[in-house]
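Taking it in order: structure first as structure tokens, then the write-up.
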Amino acid sequence: MSSSQSSAAKPRRPDALTLEVVELIGDVVARFYADYEEAAAEHALTGAQARLLSLLSLEPLPMRKLARKLKCEPSNVTGIVDRLEARGLAERRPDPADRRVKLAAATDEGRRVAGDLRDGLRFAREPLAGLTDAERLSLRDLLRRMLDA
């Protein structure tokens, strides 16, 4: 194999700027999750319970779709929904499109708690609030581009 072939096979090392951006994204994600855990604890919820409840407050979802969104096993979602259901924050109901499928849905109380959770996220209030509307729009568009790539 010629040297030009071997260098073509090796992946290019990321440049310093790319590595710094990746590190910053990791720091943002860690800060977001820490803030979410803290807001969840104020409602005696785990971070996973809070994230699932937030998803359900937007729309009822089947367990498999919840598992995909939370990037976990469906059996984990079942346990989380069980605990939210025991607290009156979520319920299971048949899917009107396919009665064999059960949807998890937030109750009125669950939607109220999810709203309190969103309001309690300091991360959304403080760093993002310090950006102008144009900066937030630009950040949103760049993040969407990254996710679509």
Side-chain angles (χ1 to χ4, degrees), residues 10-149:
K10 285 172 73 173
R12 226 178 88 227
R13 279 186 49 98
D15 60 273
L17 177 59
T18 299
L19 291 173
E20 182 182 5
V21 170
V22 168
E23 183 75 23
L24 289 168
I25 289 170
D27 292 346
V28 166
V29 168
R31 186 165 170 190
F32 171 79
Y33 277 114
D35 197 27
Y36 221 98
E37 293 287 336
E38 192 175 305
E42 291 174 15
H43 294 277
L45 296 170
T46 65
Q49 290 169 336
R51 286 187 292 280
L52 190 143
L53 185 59
S54 291
L55 288 172
L56 294 182
S57 73
L58 302 174
E59 64 177 327
L61 292 167
M63 303 293 217
R64 288 201 179 282
K65 191 167 191 176
L66 279 167
R68 275 196 312 272
K69 285 182 173 279
L70 293 173
K71 295 177 180 34
C72 68
E73 293 296 317
S75 60
N76 292 350
V77 170
T78 299
I80 295 169
V81 171
D82 287 345
R83 289 185 287 285
L84 291 174
E85 201 169 27
R87 292 196 40 199
L89 301 175
E91 63 187 8
R92 288 176 172 87
R93 57 173 83 143
D95 183 343
D98 183 350
R99 298 194 59 80
R100 295 168 298 174
V101 175
K102 288 281 191 212
L103 299 177
T107 61
D108 289 341
E109 177 66 3
R111 282 188 292 281
R112 186 193 67 71
V113 169
D116 287 351
L117 280 164
R118 277 189 295 276
D119 293 344
L121 290 174
R122 285 190 326 274
F123 190 73
R125 283 196 320 266
E126 294 165 4
L128 288 175
L131 301 177
T132 66
D133 286 349
E135 288 170 329
R136 286 197 310 272
L137 283 168
S138 179
L139 178 59
R140 180 204 61 194
D141 293 345
L142 290 168
L143 290 170
R144 283 181 176 169
R145 260 180 61 196
M146 286 179 67
L147 290 172
D148 290 343

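Just so you know, residue 1 is the first one in the sequence shown, and it goes up from there. Computed from a prediction, not measured in an experiment: that's the story for all the values here.
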> Could you go step by step and tell me if Arg92 and Thr78 meet the side chain to side chain contact (heavy atoms under 4.5 Å, CB included) rule?
Replying inline: CA-CA 10 Å; Arg92 288 176 172 87; Thr78 299; 3.7 Å; yes
>> side chain to side chain contact (heavy atoms under 4.5 Å, CB included) for Leu53 and Ile80? Distances and angles first, verdict last.
In response: CA-CA 9 Å; Leu53 185 59; Ile80 295 169; over 6 Å; no
> Under the side chain to side chain contact (heavy atoms under 4.5 Å, CB included) criterion, do Glu91 and Lys102 qualify, and how do the steps go?
Replying inline: CA-CA 10 Å; Glu91 63 187 8; Lys102 288 281 191 212; over 6 Å; no
>> Quick one, Asp133 with Arg136, criterion side chain to side chain contact (heavy atoms under 4.5 Å, CB included). Give me CA distance, side-chain angles, the key distance, then yes/no.
In response: CA-CA 5 Å; Asp133 286 349; Arg136 286 197 310 272; 2.5 Å; yes
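When all heavy atoms of Leu103 and Pro96 are compared, the closest pair comes out as CD1-CD, 4.1 Å. The minimum heavy-atom distance linking Ser54 with Ala114 is given by the pair CA-CB, 4.2 Å. Minimum heavy-atom separation, Glu37 to Thr46: OE1-C, 4.4 Å. The shortest heavy-atom contact between Leu66 and Ala104 is CD1-CB, 3.8 Å. The minimum heavy-atom distance linking Pro127 with Arg31 is given by the pair CG-NH2, 3.6 Å. Closest non-hydrogen pair, Leu55 versus Lys69, comes out as CD1-CB, 3.9 Å.
The CG atom of Asp95 sits 10.0 Å away from atom CG of Leu61, with the distance rounded to the nearest 0.5 Å. Atom CZ of Arg13 is separated from atom CG of Leu19 by 7.0 Å, given to the nearest 0.5 angstrom.
The side-chain hydrogen bond (donor to acceptor under 3.5 Å, both in side chains) search around Glu20 returns none, not counting sequence neighbours.
Around the CZ atom of Arg64, the shell of radius 6.0 Å holds no more than 12 heavy atoms that belong to other residues, nucleotides or ligands.
The closest donor-acceptor contact from the side chain of Arg99 to the backbone of Pro94 lies at 3.5 Å or more, if one exists at all.
Considering only heavy atoms from C-beta on, Val113 stays 4.5 Å or farther from Arg87 through its side chain. You'll find the side chain of Leu89 stays beyond 4.5 Å of the side chain of Gln49, heavy atoms only.
There is a side-chain donor-acceptor pair under 3.5 Å between Arg118 and Ser57.
Applying the side chain to side chain donor-acceptor pair (under 3.5 Å) test to every pair with at least one member in residues 137-149, sequence neighbours left out, gives no pairs at all.
With respect to the salt-bridge test (charged N to carboxylate O, under 4.0 angstrom), the residues Asp108 and Arg112 do not qualify.
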